[in-house]
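The structure appears below as structure tokens.
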Amino acid sequence: MADKDDITEGKDFGLGIPQDYKPFHVKGANALDWGMQNRLARIFNPESGRTVMLAFDHGYFQGPATGLERIDLSIVPLIPYADVLMCTRGVLRSVIPAAVPKPVVLRCSGGQSILKELSNEAVAVDIDDAIRLNVAAITTQIYIGAPHEHQSIKNLIQLIDSGNRYGIPTMAVTGVGADMARDTRYFLLATRIAAELGAHYVKSYFVEDGFEKITSACPVPIVIAGGKKLPEIDALTMAYRAVSEGAAGVDMGRNIFQSDSPVAMIQAVAAVVHKNEEPNRAFELYETIKAELNK
Ligand code: R5P
């Protein structure tokens, strides 16, 4: 039964204590609504401000890429070590257990294959379906300077507008066409365009010279893709340099799931991203976990 006396009998009003206020920990996201911030807080760890996203969406234009032939066998065992899963709705529904507590960033573009022009993409998921899947964010690529640049930018705008209606953030991926330079000027241009159009965070590639300028000029967080498989120490060094130069984490695929020991590699990457572990120490961690697993 409701207790009406309690309305007037409250004691602990905290008089004289200002209501606690902490700035939101995700760059450029202070003015966003609660639902949007809540989803971003599931992606970016509130302690480190960073994220380890595990990307395994490659099949949407590449088919069964090496390491992704059987996602149930190669990726599902990695889920406990990832902060976020990035995949297509097809794989999410068919392979990923619905009980996993990890946030999902949903690949929402498609319409081309690796045999054709990569920039020729369309929005490939309706926002209603993204909501049904309870995703933390949606994503598409922009291909700046490529033949279908305009369409790819329109795709991004469409996703941002539909996500904004429901408090779902959008990650813009700066796609690079097969023959395009991956240099600082290119990523300065592409990441800034994505942020200006309203992307809540942006995936870029790491560049050797001037990456810090890219993260500095982008008003929202940047995460880096891993790119082609590198020796583990090189991939860990790249992740270390990226976060040291302002990246808010990684959205890494091949350098994890194509590693000799994916379970060890994802934990080593997480140590770099969340604990600023130096590459040599992270590589030692990788070797130690790998050896344990091989016992
Ligand atoms: C492209 O297929 C996707 O956007 C991937 O999610 C992205 O390239 C990250 O994967 P990787 O680290 O393998 O480059």
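Side-chain atoms of His148 and Ser119 include no donor-acceptor pair closer than 3.5 Å. Side-chain contact of Glu284 with Asn280: a donor-acceptor pair under 3.5 Å is absent, judged by distance alone.
A donor-acceptor pair is defined here as one N or O able to donate and one able to accept, closer than 3.5 Å; such a pair exists between the side chain of Tyr186 and the backbone of Ile144. Under the 3.5 Å distance criterion, the side-chain polar atoms of Lys290 are left unmatched by any main-chain donor or acceptor of Asp260.
Evaluation of the salt bridge (Lys or Arg N to Asp or Glu O under 4.0 Å) rule for Arg281 yields no partner, not counting sequence neighbours. When the salt bridge (Lys or Arg N to Asp or Glu O under 4.0 Å) test is applied to Asp20, the partners found at least two apart in sequence or on another chain are Lys22. Residues passing the salt bridge (Lys or Arg N to Asp or Glu O under 4.0 Å) test with Glu196, sequence neighbours excluded: Arg192. Listed by chain and number, the residues in a side-chain contact (heavy atoms from CB on, under 4.5 Å) with Lys275 amount to none (sequence neighbours excluded). The side chain to side chain donor-acceptor pair (under 3.5 Å) test applied to Arg70 returns Asp72, not counting sequence neighbours.
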Practice problem: Walk me through it: do Tyr143 and Gln141 pass the test side chain to side chain donor-acceptor pair (under 3.5 Å)? | Solution: CA-CA 6 Å; Tyr143 289 92; Gln141 322 223 131; 2.6 Å; yes

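Two residues are said to be in side-chain contact when any heavy atoms from C-beta on lie closer than 4.5 Å; Leu32 and Phe24 fail this criterion. By the 4.5 Å heavy-atom criterion applied to side chains, Val84 and Leu54 are not counted as neighbours. Thr174 has its side chain within reach of Val202: a pair of non-hydrogen atoms, C-beta onward, lies under 4.5 Å apart.
The stretch residues 205-225 participates, sequence neighbours left out, in these side-chain hydrogen bond (donor to acceptor under 3.5 Å, both in side chains) pairs: Glu208-Arg241.
Two rings, from Tyr201 and Phe44, have their centers less than 6.0 Å apart.
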